[in-house]
Amino acid sequence: MTHMHIPDGILPVWLWIAGLVAMSGIIWLCLFRLRTMNLRKTIPLLGAVSAVMLIAMSLEILPLAYHINLSVVAGILLGPAAGFLAAFITNLILALMGHGGITVIGLNTILLGSETVLGHTIFFLLKKRLPVFWSAATATILTLFITTLTLIGIVAISNIDPEFARHGAEHATEHMHETATTITRFAIMVLSFGAVGWLIEAFITGTVVRFIAQVKPDLLNHVLHKEQ
């Protein structure tokens with residue numbers, strides 16, 4: 001849902017460069033954190049989760065035009081650091097496939113990576129109070145709400161018309177004078193349709209995490225027994 005399908009040359013240069021710089025710094029921290037983990041277990045899981053995220057984000061739920069991210073699942077299974085790396089790998093491959101521009105890899109990775117971090121954190125905070133399914137589902141809804149607001153904020157500060165970003169440069173003159181109004185409509189549309197998508201993704205995430213907790217609980221040990 002929070003993956004921006006924006007071609008290159010649309011966003012202001014300062015914005016996508018700032019995204020790439022911020023992403024690079026976070027990735028460096030994640031790689032440093034990765035050195036302290038059990039790499040024989042983490043790397044294969046990182047590859048598998050990234051592959052599942054890639055498949056999920058390549059599919060579209062019609063007529064919502066919604067993509068399942070599975071980012072919260074990644075955050076819960078991998079933890080914040082490896083989860084953010086999974087977000088980077090997924091966004092990089094999607095960009096190389098033409099699913100969004102190369103220049104927005106930084107911003108897309110920050111958005112999707114934030115979902116892995118927030119999802120992991122909220123799930124950890126809720127797991128003592130709610131069953132696994134509801135902890136994961138609630139974490140998903142809260143996480144996607146926050147990151148969708150962030151997405152709207154990025155579009156707003158970029159000062160572009162969302163219709164321009166969707167349809168390309170040939171529509172620029174036609175829509176630029178309506179930018180403020182269009183952003184408001186864009187926010188209403190994204191939040192309205194997004195809320196339906198969040199519920200779908202929350203159900204999928206809760207079901208997946210509950211299933212893993214039942215059949216392969218060791219994959220969740222870093223979360224379920226973190227306090228020990």
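We number each residue from 1, following the sequence as shown.
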Out of curiosity, does Leu77 fall in the hydrophobic cluster containing Ile43 (side-chain heavy atoms, cut-off under 4.5 Å, transitive links)? yes
Answer yes if Leu45 and Val117 sit in the same cluster of Ile, Leu, Val, Met, Phe, Trp and Tyr residues linked by side chain heavy atoms under 4.5 Å apart, and no otherwise. no
Quick one: list whatever passes side-chain hydrogen bond (donor to acceptor under 3.5 Å, both in side chains) with Thr42, sequence neighbours left out. none
So do Phe123 and Val72 actually touch side chain to side chain, heavy atoms under 4.5 Å? no
Who pairs with Thr36 by side-chain hydrogen bond (donor to acceptor under 3.5 Å, both in side chains), at least two apart in sequence or on another chain? Arg33
Can you confirm whether Val155 sits close enough to Val190 that some side-chain heavy atom of one is under 4.5 Å from a side-chain heavy atom of the other? no
Which other residues belong to the hydrophobic cluster containing Phe203, where Ile, Leu, Val, Met, Phe, Trp and Tyr are joined when side-chain heavy atoms lie under 4.5 Å apart, directly or via other members? Ile122, Leu126, Leu130, Phe133, Trp134, Leu142
Ser135 to Lys127 - nearest heavy-atom pair and separation: OG-CA, 3.5 Å
Anything under 3.5 Å between a donor and an acceptor, one on a side chain of residues 96-104, the other on a protein residue two or more places apart or in another chain? List them.
unit_1 : atom_1 : unit_2 : atom_2 : d
His99  : NE2    : His5   : NE2    : 3.4
Thr103 : OG1    : Asp8   : OD1    : 2.6

Any non-hydrogen side-chain atom of Ile68 less than 4.5 Å from a side-chain atom of Met57? no
Is there a donor-acceptor pair closer than 3.5 Å between any side-chain N or O of Thr116 and the backbone N or O of Gly113? yes
When you measure from the side chain of Asn38 to the backbone N and O of Arg40, does any donor-acceptor pair fall under 3.5 Å? yes
Check against side-chain contact (heavy atoms from CB on, under 4.5 Å), Ser58 and Leu94: CA-CA 8 Å; Ser58 300; Leu94 285 173; 3.8 Å; yes
Are the side chain of Asn91 and the backbone of Ile105 linked by a donor-acceptor contact shorter than 3.5 Å? no
Val49 side chain reached by Val73 side chain, heavy atoms, under 4.5 Å: no
According to a 4.5 Å side-chain heavy-atom criterion applied to Ile, Leu, Val, Met, Phe, Trp and Tyr, with indirect links allowed, do Ile157 and Leu151 form part of one hydrophobic cluster? yes
Any idea which heavy atoms bring Met23 and Phe88 closest together, and the distance? SD-CD1, 3.7 Å
Would you name the heavy atoms of Leu11 and Ser158 that are closest together and state the gap between them? CD2-CB, 3.7 Å
Hey, are the side chains of Ile26 and Thr109 touching, using non-hydrogen atoms and a 4.5 Å cut-off? no
Can you hop from Leu191 to Phe193 via hydrophobic side chains spaced under 4.5 Å? yes
side-chain hydrogen bond (donor to acceptor under 3.5 Å, both in side chains) against Thr147, all qualifying residues, sequence neighbours excluded: Glu115
Ring pair (Phe, Tyr, Trp, His ring centres under 6.0 Å) partners of Phe145, counting only residues at least two apart: Trp198
Are Asn108 and Leu112 side-chain neighbours, meaning at least one heavy-atom pair lies under 4.5 Å? no
Min side-chain heavy-atom separation Asn69-Glu201 under 4.5 Å: yes
